2 protein chains.
Amino acid sequence: MKGFSFKSYLTSNLTISEEEVATLLHQCTIKEFNKGDFLVRENEFCKQVYFVEEGLLRQFFMDESGKEHILQFAPENWFAADRESFYFNQPSKYFIQALEPTKVAIMDDVYIKNLEATMHGFLDFNNRLLHNHIRALQNRIVSLLSETAEKRYLNFIQLYPDVMLRVPLTMIASYLGITPESLSRVRKDLANKPH
Amino acid sequence: MKGFSFKSYLTSNLTISEEEVATLLHQCTIKEFNKGDFLVRENEFCKQVYFVEEGLLRQFFMDESGKEHILQFAPENWFAADRESFYFNQPSKYFIQALEPTKVAIMDDVYIKNLEATMHGFLDFNNRLLHNHIRALQNRIVSLLSETAEKRYLNFIQLYPDVMLRVPLTMIASYLGITPESLSRVRKDLANKPH
DNA sequence: TCTATCACTTGATGTATGTTAAGAAATGGA
DNA sequence: TCCATTTCTTAACATACATCAAGTGATAGA
């Protein structure tokens, strides 16, 4: 289990001993997915939290007309899960899918409950994750309420330059809440602009 | 402190003794605001969490062009706070304002830190609040990404019928992400529809 | 290498929503 | 009670973005 990003992540984000990190990693499953594989599907119960070691995930949902809308990309060192399904024990509205061959560290509900009960500082750690999540969600809403597609696109590039280079524009468009055609035009306009 | 909604809320949502509830309420401040008063302003640090006993709050931000966008309404038995500012200790991007004469129970950061350290079950309680918040935010994003203004309006009515009756349509429009004129047209169309 | 699929672009046109302007109806102080 | 302000509606016009359709490259299996 040496050399995993999850380890570095934990040691630098949790005030816990080497020993505790070892326990934590020992109980935690590593799993690999192929490009296109689903980690969670709509209507399933999401009972795991995923930490991306390598690769890239997306969380998306399908609306009534069958269109896909991406809520989140999760590249290396990000977490992915449907917190709603996980916490409230409800069937998920979302899919979580690997966009590249992806290696994840998996913390399931039993594992997490266990840590919460035994490891001092784990609740704080999870609290941090939740607040990061809330921050991201709030910023997304602010952006959707107040910014044009062009502005949202520019924000995206700046915020997730790595993701930008790794996924097709169709998916960026889906994240931004516009059609691929519109994104193409936004990009054309930007290219023709001074600056 | 008898007869406060916050008390009922706590007893029915926390597995704590009468004694603990008493302590909790004893340390907690009650404050009243007039219609129009600000509990938090942009660029201030939000160091308190508000529980609405009576009245109605809104959380909103102002975009670059000076337009207001409402993130959340908080009627009786709801919590309001800028979790981002509170947790990350950053100046807030938001305003929190009373839309009616409003009585709130205030938990400040010292109070909360204290409870986290001393009261078993408080972390779980806060965790629940955070997950409720995440759920609401996610649903909002889903709605903004995939639904028309009309659908969002119908959702709003169903989800917050009480708020609907207590705030001007301008604010509903601001919450929905459209102009008051557009909301007016949406309502007209709905009225002319066979249901 | 060939072919099917996917990714991206472009153009023509449609639609939802924004903007500007005006006025009517409701509300709240003085 | 009256006046000022806010709220809501309506209309004409503008704009951002969607839809539909087509075509060009790029990519990846067979």
Side-chain angles (χ1 to χ4, degrees), chain A residues 34-37 56 58 60 62-70 73 97-101 141 143-157 163-193, chain B residues 34-37 55-56 58 60 62-70 73 97-101 140-141 143-157 163-193:
Chain A
N34 294 321
K35 179 174 176 172
D37 285 355
L56 179 60
R58 66 164 176 159
F60 69 98
M62 259 169 91
D63 69 22
E64 291 170 1
S65 72
K67 241 171 293 176
E68 293 178 0
H69 301 272
I70 296 179
F73 293 104
Q97 185 186 30
L99 296 179
E100 299 174 359
I141 291 171
S143 179
L144 287 169
L145 284 177
S146 67
E147 295 173 355
T148 62
E150 181 173 305
K151 190 99 185 283
R152 296 205 297 280
Y153 173 65
L154 290 171
N155 280 168
F156 186 89
I157 294 175
V163 174
M164 182 66 208
L165 300 171
R166 290 161 71 179
V167 309
L169 291 174
T170 317
M171 293 199 183
I172 310 282
S174 164
Y175 180 94
L176 297 175
I178 58 177
T179 59
E181 293 93 333
S182 289
L183 179 54
S184 183
R185 277 185 277 260
V186 164
R187 284 160 55 83
K188 192 184 175 187
D189 288 352
L190 284 171
N192 293 335
K193 262 191 188 171
Chain B
N34 295 320
K35 179 174 175 170
D37 284 356
L56 179 60
R58 67 164 175 160
F60 69 98
M62 259 170 92
D63 68 21
E64 291 169 1
S65 72
K67 241 171 292 175
E68 292 178 0
H69 302 271
I70 295 179
F73 293 104
Q97 186 186 31
L99 297 179
E100 299 174 358
R140 186 88 183 275
I141 292 171
S143 180
L144 287 169
L145 284 177
S146 67
E147 295 174 356
T148 62
E150 180 171 308
K151 190 99 184 284
R152 295 205 297 279
Y153 173 65
L154 290 170
N155 281 167
F156 185 89
I157 294 175
V163 175
M164 182 67 207
L165 299 172
R166 290 161 71 179
V167 309
L169 291 173
T170 317
M171 292 199 183
I172 310 282
S174 164
Y175 180 94
L176 297 176
I178 58 177
T179 59
E181 294 90 338
S182 288
L183 179 54
S184 186
R185 275 185 286 256
V186 163
R187 284 160 56 83
K188 191 184 176 187
D189 288 352
L190 284 171
N192 293 336
K193 262 191 189 171

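We name chains A, B, ... by the order of the sequence lines, and we start the count at 1 in each one. Quick caveat: nothing in here was measured; it's all calculated off a predicted structure.
For the pair B:R187 CZ and C:dA16 C1', the interatomic distance rounds to 19 Å; values are reported in whole Å. Protein atom CE of B:M171 is 14 Å distant from nucleotide atom C1' of D:dC8, rounded to whole Å. As a whole-Å value, the separation of A:N192 CG from C:dT9 C1' is 13 Å. Rounding to whole angstrom units, CG of residue A:L145 and P of D:dA16 are separated by 19 Å. Atom CG of B:L169 and atom C1' of C:dA26 are 13 Å apart (whole Å). Whole-Å rounding puts the A:L99 CG to C:dA7 C1' distance at 15 Å. Going from atom CG of A:L190 over to atom C1' of C:dT9 covers 15 Å, rounded to whole Å. Taking atom CG of residue B:L183 and atom P of nucleotide C:dA16, one finds them 16 Å apart after rounding to whole Å.
For A:R152 and A:Y175, the positive end is not near the middle of the six-membered ring at less than 6.0 Å and at most 45° from its axis.
Taking the side chain of B:I178 as heavy atoms from C-beta on, and the options D:dT19, C:dG18, D:dC17, the nearest nucleotide is C:dG18.
Listed for the B:Q97 side chain is a donor-acceptor partner under 3.5 Å among the backbone atoms of B:G36.
Using a 4.5 Å heavy-atom cutoff, the side chains of A:M62 and A:E68 are in contact. The closest side-chain heavy-atom distance from B:L169 to B:R187 is below 4.5 Å.
Within 4.0 Å (heavy atoms only), B:R185 reaches at least one base atom of the nucleic acid. Looking at heavy-atom distances under 4.0 Å, B:T170 makes contact with sugar-phosphate atoms alone, never a base. At a threshold of 4.0 angstrom between heavy atoms, the contacts of A:T179 include nucleobase atoms, whether or not backbone atoms are also involved. Heavy atoms of B:K35 sit nowhere under 4.0 angstrom from any nucleic acid atom.
In this model, the phosphate group of C:dT9 is approached by a side-chain N or O of A:S184 to a distance below 4.0 Å at OP1 or OP2. Between B:T148 and C:dA16 there is no side-chain polar atom (N or O) within less than 4.0 angstrom of OP1 or OP2. Listed pair A:K188 / C:dG11 meets the phosphate criterion, a side-chain N or O lying under 4.0 Å from OP1 or OP2.
Of all heavy-atom pairs between B:L183 and B:A173, the closest is CD2-N, 3.7 Å.
Checking A:R152 against A:E181, the closest nucleotide of DNA chain D that is more toward the 5' end is the one next to A:R152.
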